[in-house]
Each structure stands twice: as structure tokens, then as C-alpha cells.
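These numbers come from the heavy atoms of this one structure, side chains and all, not from hydrogens, waters or symmetry mates. Source: prediction; values computed, not measured.
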Amino acid sequence: MSFIKKNHCVGDDLHTSSMFHPIHNGTIPFVPTQTQTPNPNLNLTLHPYLTPLVTRASFRSLTMSLLHSNPNPIKTRIRGVVFDMDGTLTVPVIDFPAMYKAVLGKDQYFKIIASSPSGIDILHHIEQWSPDKQQKAYEIIADFEQQGLDRLQIMPGAADLCGFLNSRNIRRGLITRNVKSAVDLFHEKFGMSFSPALSREFRPYKPDPAPLLHICSTWGVEPNEVVMIGDSLKDDVACGKRAGAVTCLLDETGRYDSPKYANVEHKPDYKVSSLAQFHSLLESNFDLTP
């Protein structure tokens, strides 16, 4: 299944009405029935086997009617949404490449990034080091994270989205690789509540599916009834996919459209460029019965 913002179908300038609809092979099936009759206004003729041969204009008319032929498609039921924090609920302010270079050294940074197109799992690398080296690395990370907290801003659309989820009684959880004090500050500063809210003190942390599975168990729901949204392929999408959840990648700048991400192991079910688009996606594509 591929993920795009707008589907392109066979025919000139033909698009679906949804920005988020996933596609399988880019084609629209058409199966004629015995009750079909030619419409003289569409200028089409019938094949002996009732396969319509149509002009460009009539193809468009027929295809658009097919797209709307089922007004009540079966929708996946969603009972909870789990958010990443940095870069998803908050505006991205931490310079992660600079932090990784400070921890790893420039040479090691470029060596790792060349072999890992989806990104660097810095915490995984640190775990392999000696205690003294680990301590120094965590101090560097803590300094970058504190700089981020000093400039903490809520992501546009986050407050409206949380209000909408509240109105539909949809649960909200949070998984971050940041520390618990950062999560506590986020809750306090913006007056939003996410429960459970798991920081990197919860082990194993994402991209392991354990934190997401823990939230599902706490809520008493199945993973496929939950959407995981975040701005990282290697952490958020991988965590959601491994747990069996629906996944949505928040890509504000379109950086994941780069060909270097074409062959990553875990690809999201959906991709949006803002939380406002994610809000629309939830309303249009899912059954939000609590």
C-alpha cells in the first residue's frame, strides 16, 4: 500500500475527492452488470460482452460516479490516538543533527547516516558504550533537550485536535524518547492531558512496540483500533507498525518525499503535512465510535 496526499487515477486530470485515501495499484475497477444500458448523452457503445468503450469525457463521468457509488463504505474503528511529542505536539526546535554530531563525532555521524536512511537511533548507540562515555553522552543530550524546553511551543492545530478527540471520547496517549520532566512541563504549560504518557524512562522505548502495546493494554483496546502519529519514520512509524497499529507520518516540509526514503522498512499508512490535515483524516476515513 502506498501513501500519498492525493490519488492520481487513470485519465486526464482525474483525482479523488480525498487527500488521504490510500491506493493499491492506481486503477479503478469497473465491472458491468446486465442492467446497464448505453446513455446517448455520453456517446459510448457497448462491446458484445458489455464492456463499455468510452470517450475521455464519458470516462470521467463514469469514473466519478463509481467513486461515489458506495456512500457508506466500511471504516476502520479507531478508539484511541497515540502521539509523539517533539515535532508532533510541539514545534520542532531541537537541532537533532547537531546533537548527534556532538555525541557521536562528525566522522561517526556521517558513517552511520550513510547506512541508515531512515535516521539515527542515538539512544541505541549510547547503550553499547562504557558507563563513563554514556554519562557524557547523556549530558550532551540533556543540554540540547533543555534548550528545546526553553523554546517550547505547541504545534498549530494541536489544541483543536485534542478538543475534537475529547468531544468524541477518543483516548489520547503519548510516547516520547524525551525525559519525563519534559513531558511534565508540556502538560503543565499547555494544559493538555495524555494518559498514559510514556517517556524514555519506560523501557524498551520506541521504535520497540512495547510502549504502544502497553498503552493498548491499559486502554483495553486492540492495536488495530489505535492510530500512532509522529514525525519520525524510524521511531514513530516503526513503533506503530511493529505493534499492529494504524500509522500516520506528520511531514510538514515534505522531506520524506526524498528518494532516499523509498526503500525504508516501515512505511506509514497515511501521510499528512499538518495536525489540521490529520484532524480531517480522522473524520473522513475512520469510524470514531468510542
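Side chain to side chain, R172 and N166 meet the donor-acceptor criterion of an N or O pair below 3.5 Å. For the residue pair D287 / T289, a side-chain donor-acceptor distance below 3.5 Å is found, with atom types taken as modelled.
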Checklist line | Stepwise side chain to side chain contact (heavy atoms under 4.5 Å, CB included) check, R200 with I141 | finding: CA-CA 13 Å; R200 70 166 172 257; I141 291 174; 4.1 Å; yes
Next item on the list: Start with the C-alpha gap between K189 and L152, add the side-chain angles, then the distance that decides, and say whether side chain to side chain contact (heavy atoms under 4.5 Å, CB included) holds.
Entry: CA-CA 9 Å; K189 185 171 184 177; L152 195 63; 4.0 Å; yes
Notebook entry, point to check: Should C248 and D269 be marked as a side chain to side chain contact (heavy atoms under 4.5 Å, CB included) after you check the CA-CA gap, both sets of side-chain angles, and the distance that decides it?
Noted result: CA-CA 6 Å; C248 183; D269 299 299; over 6 Å; no
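Side-chain N or O atoms of K241 include none that pairs as donor or acceptor with a backbone N or O of T247 at under 3.5 Å. Put simply, the side chain of D208 never gets that close to the backbone of P204: no donor and acceptor are under 3.5 Å apart. With hydrogens and angles disregarded, no donor-acceptor distance shorter than 3.5 Å links the side chain of S217 to the backbone of L213. At least one donor-acceptor pair under 3.5 Å links the side chain of S167 to the backbone N or O of F164. A donor-acceptor pair under 3.5 Å links the side-chain atoms of D251 to the main chain of Y256, judged by distance alone. Proximity of a side-chain donor or acceptor of T90 to a complementary backbone N or O of I154 within less than 3.5 Å is not detected. No side-chain donor-acceptor contact under 3.5 Å links R77 to the backbone of L288. The closest donor-acceptor contact from the side chain of Q277 to the backbone of S273 lies under 3.5 Å.
When side chains are defined from C-beta on, L212 does not count as touching K206, because their heavy atoms never get closer than 4.5 Å.
In this structure, CD in E265 is found 6.0 Å from CZ in R242, a value given to the nearest 0.5 Å. Annotation: the span from M192 atom CE to L165 atom CG amounts to 10.5 Å, rounded to 0.5 Å. Atom CG of residue D84 and atom CG of residue L250 lie 9.0 Å apart, to the nearest 0.5 angstrom. Residue I215 holds its CD1 atom at 4.5 Å from CG of L198, rounded to the nearest 0.5 Å.
Heavy atoms of other residues, nucleotides or ligands lying less than 6.0 angstrom from CD of E188 number 12 at most. Counted within 6.0 Å of CG on D150, heavy atoms from surrounding residues, nucleotides or ligands total more than 12; the atom is thus considered enclosed.
A salt bridge does not link R177 with D86: none of the charged nitrogens is closer than 4.0 Å to a carboxylate oxygen. Electrostatic pairing of R203 and E127 counts as a salt bridge here, judged by a charged N lying under 4.0 Å from a carboxylate O. Between D184 and K180, at least one side-chain nitrogen of the basic residue sits less than 4.0 Å from a carboxylate oxygen of the acidic one, meeting the salt-bridge criterion. A salt bridge links E225 and R79; the closest N-O separation between the charged side-chain nitrogens and carboxylate oxygens is under 4.0 Å. Between K271 and D257, at least one side-chain N (NZ, or NE/NH1/NH2) sits under 4.0 Å from a carboxylate O, which counts as a salt bridge.
Aromatic ring pairs are classed by plane angle as parallel below 30°, tilted from 30° to 60° and perpendicular above 60°; the pair F278 and F83 is perpendicular. Between Y270 and F286, the ring planes are perpendicular. Angles over 60° get that label, and only those under 30° would be called parallel.
Hydrophobic clustering of Ile, Leu, Val, Met, Phe, Trp and Tyr side chains at less than 4.5 Å, counting indirect connections, keeps I175 apart from F190.
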